[in-house]
Colleague: 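Below you will find the structure I want to go over with you.
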Amino acid sequence: MDDVDRLPAAPLAEEALLGLLLPFWQLVIGAFVLVVLLLSVRRLARRGRSRMTTALLVTAAAIVGFAVVGVLLQG
């Protein structure tokens with residue numbers, strides 16, 4: 001018997017379909033996140049300068065915190 005006969009057949013059509021759909025769903029999720037982000041920034045900007053400063057500081061702290069956690073978990 002050849003080695004090819006013993007290997008299970010890979011579902012190539014299924015992998016190809018998922019390969020085509022994956023970027024589409026990433027695009028849909030990214031677009032949804034962008035819309036929500038723009039709406040929240042618009043609402044925050046209407047509330048005034050002091051709220052924007054606080055929001056920027058909180059966002060910066062969150063970014064630094066995620067970066068530190070990422071570095072600590074990485075190695």
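The structure displayed is predicted, hence computed values, not measured ones.
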Colleague: Name each donor-acceptor pair under 3.5 Å that joins a side chain in residues 41-63 to protein atoms two or more places apart or in another chain, with its distance.
Modeller:
from, atom 1, to, atom 2, distance (Å)
Thr53, OG1, Arg49, O, 3.1
Thr54, OG1, Ser50, O, 3.0
Thr59, OG1, Ala55, O, 2.7

Colleague: Any chance you could pull the hydrophobic cluster mates of Leu38, using side-chain heavy atoms under 4.5 angstrom and chaining through other members?
Modeller: Leu34
Colleague: Output the rest of the hydrophobic cluster of Val36: all Ile, Leu, Val, Met, Phe, Trp and Tyr residues reachable through side-chain heavy-atom contacts under 4.5 Å, sorted by chain and number.
Modeller: Phe32
